[in-house]
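A note on names: the letters A, B, ... follow the listed sequences, proteins ahead of strands, and every chain is numbered from 1.
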Number of protein chains: 2
Amino acid sequence: MSWKKRDREERGYHHGNLREALIQAARELIKEKGPAGFTFADAARSAGVSAAAPYRHFRDREALLADVAREGFQRFEAMLSTGWANGKPDALTAFNNVGKAYLAFARAEPAYYAAMFESGLPPDLNADLRAAADRAFGVLRTAAESLVALLPAGTRPPALMMSLHVWAMAHGIASLFGRGDAGRRSLPMTAEELLESQMLIYLQGLGFPQKA
Amino acid sequence: MSWKKRDREERGYHHGNLREALIQAARELIKEKGPAGFTFADAARSAGVSAAAPYRHFRDREALLADVAREGFQRFEAMLSTGWANGKPDALTAFNNVGKAYLAFARAEPAYYAAMFESGLPPDLNADLRAAADRAFGVLRTAAESLVALLPAGTRPPALMMSLHVWAMAHGIASLFGRGDAGRRSLPMTAEELLESQMLIYLQGLGFPQKA
DNA sequence: AGCTCATGTTAAGGGAGTTTACATTAAAGC
DNA sequence: GCTTTAATGTAAACTCCCTTAACATGAGCT
């Protein structure tokens, strides 16, 4: 709540790091009112600068949003990577941890998540955004590849397909049930439990043994 | 494209069915620019009436959006019901058809879909909206119940959980890969193929036999 | 025909966002 | 110290949206 929106006097004429401050402000506003619920001027106000100031750092609102999304994808990738943990302690466990990390990110960073997946931005607005998104998905892809390698040859599903399936499951659950903030439907189980059971059934369908 | 935005002279003073025309206009605009990409005045313009006219039919923009969503849920329910076809020819096939119907709806009616799931409307803004959404989900729920009944007692998953899983899968795929319009990622398979394979694996994981 | 009321239109006030041009401050280098 | 330059601020023009009030129209009923 109390980040660097220091008063003008305290801070002087120059903001110091307006670019980053605008991204933070945008995150706050997205969290409160959704990716469409704020304007360029709002972001400037929140950062404590004039309405014209943001133009020095972003061409327009969309460019700001794109940067929020790009930054989000970077953190997302980091979070998924940590979940995967290079396949430790074993690929199956690690794979499930990736799923948990996905959901945890959506819950912990609803603003990033919304900017990334629900802002209506074209995924390849700029190369950086696209690359960041691809790298994040790459973690999923890598994990799937390690996992299918455990199956006997001949029964291995395409790893790409599998990673898309998992992405869809995680996104579906995060999107429908993952953010308690708004008037979401009430359920007899948490989003985490839902995803875990779903992944369990899915992996069983692929022939993975259940752990004891 | 050429629906009833007849000229003023051709149409006379009264529109005749402005309420419906506004909903259609909103659908067009949502399809083009997303649920947040139009204003109350825009809708009026598209319908060929003055900016003040909509107030005779909707309290505000949100009420208009809610009606688009409500209408969408009704058609959605109808489409899912048709897919389910009372479990014919057999529950397993019919269940897969529900999934296909889900995706077909998202593809054929992106505007309705966006209003229903991506507009940020509180699900229980009004009782009608909530009821329509619940009825649509009810189709999924009913289908899941019929399906689990085929499994031997003792291995039956909770039907509610299963319907939530399927909802999440279908929504995840529709949301990520289902609308070719914008700059979606290019894939080696269609959304339909993805969902079908995912459902197959999932159902196999639950113990359903594959068809010959 | 004449009434009436829902449905539209015009007009007007108030706000807000966008964007550009120009002024001001601060920091860094000569 | 002085100059240069990047980073903000201020102001203003422009456009658009929201909302309501007052007036106009015409479809249906009697």
Roughly, in whole Å, what's the span from CZ in A:Arg45 to P in C:dA16?
8 Å
Base, sugar-phosphate, or nothing for B:Ser50, non-hydrogen atoms under 4.0 angstrom?
base
Would you mind reading off the distance between B:Phe40 atom CZ and C:dG15 atom P, rounded to a whole angstrom?
21 Å
Audit row: B:Thr93, B:Asn96, side-chain hydrogen bond (donor to acceptor under 3.5 Å, both in side chains) steps and yes/no:
CA-CA 5 Å; B:Thr93 303; B:Asn96 272 290; over 6 Å; no
For A:Ala131, does its backbone N or O pair with a side-chain atom of A:Asp134 as donor and acceptor, under 3.5 Å?
no
For the residue pair B:Phe40 and B:Phe58, is the inter-centroid distance of their aromatic rings smaller than 6.0 Å?
no
Considering only residues two or more places apart or on different chains, which pairs with a residue in residues 162-173 of chain A satisfy salt bridge (Lys or Arg N to Asp or Glu O under 4.0 Å)?
none
Indicate, with a heavy-atom threshold strictly under 4.0 Å, whether A:Ala53 touches base, sugar-phosphate, or nothing.
sugar-phosphate
B:Ala52 has its side chain closest, among C:dT20, D:dC17, D:dA21, to D:dA21
Donor-acceptor list for residues 62-72 of chain A side chains, cut-off 3.5 Å, not counting sequence neighbours:
residue, atom, partner, partner atom, Å
A:Asp67, OD2, A:Arg19, NH2, 2.8
A:Asp67, OD2, A:Arg70, NH2, 3.1
A:Arg70, NH1, A:Gln74, OE1, 2.8
A:Glu71, OE2, A:Tyr112, OH, 2.6

From D:dA11, D:dT20, D:dT8, nucleotide with atom closest to A:Val49 side chain
D:dT8
Lys/Arg cation over aromatic B:Phe38: B:Arg61, 6.0 Å, 45° cone:
yes
Take the protein atom CZ of A:Phe38 and the nucleotide atom P of C:dA16, then report the distance between them rounded to whole Å.
18 Å
When rounded to whole Å, the CG to C1' distance for the pair A:Leu29 and C:dG17 reads 14 Å
Does anything in residues 54-62 of chain A come within less than 4.0 Å of DNA chain D? Heavy atoms only, and list the residues if so.
A:Arg56, A:His57
